[in-house]
Amino acid sequence: MLIGYARVSTHDQNLDLQKDALEKAGCARIYVEHISGGASVRPELDKTLEVLREGDTLVVWRLDRLGRSLKHLIELVNELEQRKVGLKSLSEAMDTTTSGGKLVFHIFGALAEFERNLIRERTQAGLAAARARGRKGGRPLALDEKKREVIIKLYNEKEHTVKEICQIMGISKPTLYSYLRKAGEKSGSRSGGSAIS
């Protein structure tokens, strides 16, 4: 069965074009999403993925209607492949149910992996160069020593929740736990007990 998925952002008016193309392609059902491409939660896409069964093909007008990024698109295609579901893009004339379509997607995946490796290598080279000049990587600590001591004291007194301490000091939970961990490492042991989360 061919299942269609169409998406438009609030600024995009191509919905009729997409729906017409999906209907012409023979889609039995079409799910429509009115949401930005960068949105991490897409309820209609989730519904579309739920109804797909082995042997079905997900049809989109264009690949950018489906994936938030190349990485996300590759993850989706891998998930569909594991479920034995095909993907067909009308504009790019690509179909993963064919050997040529699978090859194209393996090339996409290889390029994405290559790009990730390049970024990792550049980052490591940059950090090594900075260390050679005597600089350490990572962000500087946001609060001075006295404020960090206040945080540790508030935490150990157990009179405030972690959320309250974060609000009082204007920091996030991960930052608070980072300060606590560093204080524990300095004293030779981790801070005992825990405040109410």
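All residue numbers refer to positions in the sequence shown, counting from 1. This structure is a prediction, so every number in the text was calculated from the model and none was measured.
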Novice: Got a second to check how far His160's NE2 is from Lys158's NZ, nearest 0.5 Å?
Specialist: 13.0 Å
Novice: Quick one: are Tyr155 and Ile165 in side-chain contact, heavy atoms under 4.5 Å?
Specialist: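 Sidechains of Ile165 and Tyr155: in contact.
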Novice: Does the pair Leu49 and Leu76 meet the rule for a side chain to side chain contact (heavy atoms under 4.5 Å, CB included), with working shown?
Specialist: CA-CA 9 Å; Leu49 295 172; Leu76 276 172; 3.9 Å; yes
Novice: Examine distances only and state if a side-chain atom of Thr57 and a backbone atom of Leu2 form a donor-acceptor pair shorter than 3.5 Å.
Specialist: no
Novice: Side-chain contact, heavy-atom cut-off 4.5 Å: Glu33 with Val8?
Specialist: no
Novice: Quick one: which residue pairs count as a salt bridge (Lys or Arg N to Asp or Glu O under 4.0 Å) with a foot in residues 46-56, not counting sequence neighbours?
Specialist: Glu44-Lys47
Novice: When you look at Leu87 and Val59, which way does the side chain to side chain contact (heavy atoms under 4.5 Å, CB included) test go after all the steps?
Specialist: CA-CA 6 Å; Leu87 171 66; Val59 185; over 6 Å; no
Novice: Looking at every non-hydrogen atom in both residues, tell me the closest pair between Ile152 and Leu180 and how far apart they are.
Specialist: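 Smallest heavy-atom distance, with atoms named: CG1-CD2, 4.0 Å.
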Novice: Verify side chain to side chain contact (heavy atoms under 4.5 Å, CB included) between Glu164 and Thr161, making sure each step is shown before the conclusion.
Specialist: CA-CA 5 Å; Glu164 287 170 344; Thr161 66; 3.2 Å; yes
Novice: Would you mind reporting whether Lys102 and Glu81 have side-chain heavy atoms less than 4.5 Å apart?
Specialist: yes
Novice: May I have the step-by-step check of salt bridge (charged side-chain N to carboxylate O under 4.0 Å, His left out) for Glu23 and Lys19, ending in yes or no?
Specialist: CA-CA 6 Å; Glu23 284 169 8; Lys19 282 174 76 177; 5.5 Å; no
Novice: Leu63 versus Met94: any side-chain heavy-atom pair under 4.5 Å?
Specialist: yes
Novice: Could you tell me which non-hydrogen atom of Met169 sits nearest to which non-hydrogen atom of Lys147, and how far apart they are?
Specialist: CE-O, 3.8 Å
Novice: Could you grab the distance from atom SG of Cys166 to atom CG of Leu154, nearest 0.5 Å is fine?
Specialist: 10.5 Å
Novice: Distance check, rounded to the nearest 0.5 Å: Tyr177 atom OH versus Lys182 atom NZ?
Specialist: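 The distance works out to 15.5 Å.
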Novice: Has the side chain of Arg148 got a donor or acceptor atom that lies under 3.5 Å from a matching backbone atom of Leu176?
Specialist: no
Novice: Taking the side chain as everything from C-beta on, heavy atoms only, tell me whether Leu45 gets closer than 4.5 Å to Ile35.
Specialist: no
Novice: Nearest heavy-atom pair of Leu52 and Arg83: which atoms, and what distance?
Specialist: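 Smallest heavy-atom distance, with atoms named: O-NH2, 2.7 Å.
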Novice: So do the side chains of Lys88 and Leu58 get within less than 4.5 Å of each other, counting heavy atoms only?
Specialist: no
Novice: Looking only at heavy atoms, what is the nearest atom pair of Ala6 and Leu15, with distance?
Specialist: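 Of all heavy-atom pairs spanning Ala6 and Leu15, the closest is CB-CD1, 4.0 Å.
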Novice: Going by heavy atoms in the side chains, are Leu73 and Leu66 under 4.5 Å from each other?
Specialist: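 A side-chain contact exists here, since the closest heavy-atom pair is under 4.5 Å.
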Novice: Can Tyr179 and Arg181 be said to form a side chain to side chain donor-acceptor pair (under 3.5 Å), step by step?
Specialist: CA-CA 5 Å; Tyr179 291 150; Arg181 188 178 65 253; over 6 Å; no
Novice: Ignoring hydrogens, what is the shortest heavy-atom contact between Thr97 and Gly86? Give both atom names and the distance.
Specialist: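 Closest approach of Thr97 to Gly86: CG2-CA, 3.6 Å.
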Novice: Under the side-chain hydrogen bond (donor to acceptor under 3.5 Å, both in side chains) rule, collect the residues that match up with Ser91, sequence neighbours excluded.
Specialist: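 If we apply the side-chain hydrogen bond (donor to acceptor under 3.5 Å, both in side chains) test to Ser91, skipping adjacent residues, there are no hits.
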Novice: Checking Glu157 now: which residues fulfil salt bridge (charged side-chain N to carboxylate O under 4.0 Å, His left out) with it, not counting sequence neighbours?
Specialist: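 If we apply the salt bridge (charged side-chain N to carboxylate O under 4.0 Å, His left out) test to Glu157, skipping adjacent residues, the hits are Lys153.
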Novice: For Cys27 and Ile3, work out which heavy atoms get closest and say how close.
Specialist: SG-C, 4.1 Å
Novice: Under 3.5 Å, is there a donor-acceptor pair linking the side chains of Tyr5 and Arg7?
Specialist: no
Novice: With a 3.5 Å cut-off and no angle check, do the side chains of Ser178 and Thr175 form a donor-acceptor pair?
Specialist: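 Note: Ser178 and Thr175 side chains miss the donor-acceptor criterion.
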